Amino acid sequence: MKTKTYVVTGATSGIGAALVRRLAAENVVFAGYRNEKKLTLLETENVFPFYIDYAKPETIAPAVRFINSKCTKVDTLVNIAGCVVAGPVERINVQEIRRQFDVNVFGHLEFTQGLLEILEGGKIINVSSMASYGIFPFISPYCASKRALDMFFNSLLIENKKDIKVVSIKPGVIATPLWGKSVEENSKYIDNCVGYEDEMRFLISNAQKNESKGLSADKVVDVILKADSAKKPKLSYNVGGDAIFAGLISKLPQPIINRLIKTGLNLRIKKLK
Ligand SMILES: NC(=O)c1ccc[n+]([C@@H]2O[C@H](COP(=O)([O-])OP(=O)(O)OC[C@H]3O[C@@H](n4cnc5c(N)ncnc54)[C@H](OP(=O)(O)O)[C@@H]3O)[C@@H](O)[C@H]2O)c1
C-alpha cells in the first residue's frame, strides 16, 4: 500500500481513535485532540498530534498553520470531531445550540477552508450521522448540525475547482463514549425536566443502551477506508441497518414521519414504565 497523508479530528476517542490506529500502521496521520490528558493515546509512530478545540474557535488557525507548515499535500481529511446537545427545543439555551454548531459545523468548515490548498486532488470524508435525516426528537440541535454539515460540504463538492471529492458517512448507533457524554453534558436539560420527565428518562435509557449495543467503531472505519480507496466514492454511505432505515423513512411526507416518530416514541416510553 502506498503511504498517504491523513488529517483526522476527534482522534482521541471512539471512531476517530479506531481510525488513527488503523491508518498509522502504514501512513502519516495528523491527529487532532482537545484534551491534553489524552495525548498519550497519540504517542505512536507516524502520528503527529495537533491541538484543536472547536468550542474555542481561536484554536483553529494555529492548527491549520501547524499542518500547512509540516506538509505540502494531504490525501484525505477526515472530519470526525463531534458532540451532542440534547433536550427539548423549548428549554435549550441558544448559546448551547451555538456551541453545537461551532463544534459540529463551523469548526469543520473553518478548519477545512484552511487546508484546501494542500487538499487539491484529495478527499474530504465527513463523519455525519443518520441524525442528518432529521427524524430524532430531543436531539434536534445535533440533527440540525449534521444536516447543515452535509449541506455545506455538498456545496463545497459542487463548487470547488480543485478536484476535491467530498463524502458523507452516516453511521447509525455506534457503541462509543459519545452517548455517555451526551447525557453528562446535557444534564441541566435532562435532569428534573418538568413536563418531559418520561421523555428524558427514555433519552437516558436509550443512550445507555446505545453505548453498549451499538455497532463497533471499526465498522465505521471499514466504510471510511472503503470510501477513501474508491476512485469514484459515493456522496453518502449509511453504516448499519438503522441508518438505512432512517434514510428510507426520511423520504416519506413529513406529516407521516411525524406520526410514526410520535407513535414509536410513546410505545417505547410505555415499555419503560
Ligand atoms: N456514536 C454514534 O452512535 C455515532 C453515530 C453517528 C455519528 N457519530 C459521529 O461520529 C463522530 C465521532 O463520534 P464518536 O461516536 O466516536 O464519539 P466520541 O468517542 O465521543 O468521539 C468524539 C470525538 O470528538 C472530539 N470532540 C468533542 N468535542 C470537541 C471539540 N469541541 N473540539 C474538538 N474535538 C472535539 C472528542 O474529544 P475527546 O476525546 O476529548 O472527548 C472525541 O475525540 C461524531 O461526529 C459523531 O457525531 C457517532
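Both counts, for ligands and for their atoms, begin at 1 and track the order of listing. Note that the structure is a prediction, hence the values are computed from the model and not measured.
- The environment of NZ in Lys70 is sparse: at most 12 heavy-atom neighbours from other residues, nucleotides or ligands sit within 6.0 Å.
- In this structure, the protein non-hydrogen atom closest to atom 46 (C) of ligand 1 is Tyr142 OH, 3.5 Å.
- Side-chain atoms of Asn35 and Tyr51 include no donor-acceptor pair closer than 3.5 Å.
- Counting only heavy atoms of the protein, atom 16 (O) of ligand 1 lies nearest to Ile15 N, 2.8 Å.
- For ligand 1, the atoms sitting less than 4.0 Å from at least one non-hydrogen atom of Ile80 are 11 (C), 12 (C), 44 (C), 45 (O), numbered in the order shown with element in parentheses.
- Sorted by first and then second residue, the pairs that involve residues 175-200 and meet side-chain hydrogen bond (donor to acceptor under 3.5 Å, both in side chains), not counting sequence neighbours, are Glu90-Tyr196, Asp198-Arg201, Asp198-Lys273.
- Proximity of Asp102 to ligand 1, defined as any heavy-atom pair under 4.0 Å, is not found for any part of the residue.
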* Run the ring pair (Phe, Tyr, Trp, His ring centres under 6.0 Å) check on Phe153 and His108 step by step: do they pass? -> CA-CA 10 Å; Phe153 277 81; His108 292 303; 7.3 Å; no
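- Screening residues 150-173 for salt bridge (Lys or Arg N to Asp or Glu O under 4.0 Å), with sequence neighbours left out, gives Glu117-Lys162, Asp150-Lys170, Asp163-Lys165.
- Scanning the protein for heavy atoms near atom 37 (O) of ligand 1, the closest one is Arg34 NE, 3.2 Å.
- Across the listed options Gly82, Ala18, Gly16, Gly14, Gly82 owns the non-hydrogen atom lying nearest to atom 22 (C) of ligand 1.
- The closest approach between Lys146 and ligand 1 falls below 4.0 Å for a heavy atom of the residue.
- Atoms of ligand 1 found under 4.0 Å from any heavy atom of Ala55, numbered from 1 in the order shown, are 31 (N).
- Under a cut-off of 6.0 angstrom, the local environment of CZ in Phe66 is crowded, with over 12 non-hydrogen atoms contributed by other residues, nucleotides or ligands.
- Within the structure, the closest approach of Ala17 to ligand 1 does not fall below 4.0 Å when heavy atoms are considered.
- Looking only at protein heavy atoms, the nearest one to atom 10 (O) of ligand 1 is Val127 CG1, 3.3 Å.
- Residue Tyr54 approaches ligand 1 through these ligand atoms, each under 4.0 Å from one of its heavy atoms: 30 (C), 31 (N), 32 (N), 33 (C).
- In the candidate list Asn126, Ile174, Asp242, Ile174 is nearest to atom 2 (C) of ligand 1, counting heavy atoms.
- Only side-chain heavy atoms of Lys181 come within less than 4.0 Å of ligand 1; its backbone N, CA, C and O stay farther off.
- Using 4.0 Å as the threshold, Trp179 has a heavy atom nearer than that to some atom of ligand 1.
- Taking the ring centroids of Phe50 and Phe111, they lie under the 6.0 Å cut-off.
- Under 4.0 angstrom from ligand 1, the non-hydrogen atoms of Asp53 come from both its backbone and its side chain.
- Judged by the shortest distance from any of its heavy atoms, Pro177 lies inside the 4.0 Å radius around the atoms of ligand 1.
- The nearest pair of heavy atoms linking Leu252 to Ile256 is CD1-CG2, 4.2 Å.
- For ligand 1, the atoms closer than 4.0 angstrom to any heavy atom of Asn35 are 40 (O).
- Of all non-hydrogen atoms in Pro171 and Val127, the two that sit nearest each other are CG-CG1, 4.0 Å.
- Contact annotation for Ala131 and ligand 1: no heavy atom of the residue comes within less than 4.0 Å of the ligand.
- Only the side chain of Val103 comes within 4.0 Å of ligand 1, counting heavy atoms alone; its backbone N, CA, C and O stay farther away.
- For Glu45, the CD atom counts as loosely surrounded, since its 6.0 Å shell holds 12 or fewer non-hydrogen atoms of other residues, nucleotides or ligands.
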